[in-house]
Amino acid sequence: FIFDTTLAKDKLLNYRLTVGFENSERNNSTLNGFKGLNMSHTLGFGLIRKEKLRIWAGPEIFFSYYSSFDGDTTADTSSSLTVGNVTGTFTPDNVSIFGYGVGLKAGVNLNIGSHITLSATTGFRTGKYSGEIKDVVKLTNTTTNLSTFITTSAQTYESDATRFYVNLSA
């Protein structure tokens, strides 16, 4: 989702809100894949401002939340054990991480009709991420079908990250 106050107008400033969903598969890492929600706020300064074209650049701040655990224990890394009418399913690396940071973003908006604008953005951002990584056991009573979750181990996750990105949208 993108909300921009000045798509292709002759105005100096624009505000851009970007909200997105991220699904990531991780290989060769202590973390499995995870899902996330991210949001960025950008204040853009129009460098080239025409009726159909706007090139802008400016600072951004971003926030994100990532999680790998949604109660689904069908992942390849899960294992189960049944004793009587109770089934225990072990799911490693359940992630709950919050991130925030700042960066610089630049973009091009091309207005190709009265209701359609193509947009390309690129940016550089640096941020901090912190949270927990837990190993969880889901216990399910097969008679009543009631479940509970038990955390078997947890570790704190802290990371600094810098990344370059490119986004295309319509």
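All values reported here derive from a predicted model rather than from experimental measurement. All residue numbers refer to positions in the sequence shown, counting from 1.
The line from CD1 of Ile112 to NZ of Lys52 is 9.5 Å long, rounded to the nearest 0.5 Å. Of the inter-residue distances, the one linking Ile2 atom CD1 with Thr18 atom OG1 reads 5.0 Å to the nearest 0.5 angstrom. Atoms OG1 and CG, on Thr6 and Asn14 in that order, are 5.0 Å from each other to the nearest 0.5 Å.
The nearest pair of heavy atoms linking Pro59 to Phe45 is CD-CE1, 4.1 Å. The shortest heavy-atom contact between Tyr65 and Ser96 is OH-OG, 2.9 Å. Scanning all heavy atoms of the two residues, the minimum distance from Tyr129 to Ser64 falls at CE2-OG, 3.5 Å. For the residue pair Leu47 and Ala57, the shortest heavy atom distance occurs at CD1-CB, 4.1 Å. Here the shortest heavy-atom pairing between Lys105 and Ser40 reads NZ-OG, 3.5 Å.
Annotation: Glu51, atom CD; neighbour count of heavy atoms from other residues, nucleotides and ligands within 6.0 Å does not exceed 12.
Take Thr117 and apply the side chain to side chain contact (heavy atoms under 4.5 Å, CB included) test, not counting sequence neighbours, and it matches Leu7, Asn109, Asn111.
Through direct or relayed side-chain contacts under 4.5 Å between Ile, Leu, Val, Met, Phe, Trp and Tyr, Tyr100 connects to Phe1, Phe3, Tyr15, Leu17, Val19, Leu37, Met39, Ile61, Phe63, Phe98, Val102.
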Could you give me the CA-CA distance, side-chain angles and deciding distance for Arg16 and Ser119, then say whether side-chain hydrogen bond (donor to acceptor under 3.5 Å, both in side chains) is met?
CA-CA 12 Å; Arg16 177 175 276 223; Ser119 179; 3.2 Å; yes
Quick one: side chains of residues 159-170, donor-acceptor pairs under 3.5 Å with protein atoms, not counting sequence neighbours, listed by atom name and distance.
unit_1: Asp160; atom_1: OD1; unit_2: Lys128; atom_2: NZ; d: 2.9
unit_1: Thr162; atom_1: OG1; unit_2: Thr126; atom_2: OG1; d: 3.3
unit_1: Tyr165; atom_1: OH; unit_2: Glu60; atom_2: OE2; d: 2.6

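Residues Thr42 and Trp56 meet the side-chain proximity criterion, which asks for heavy atoms closer than 4.5 Å.
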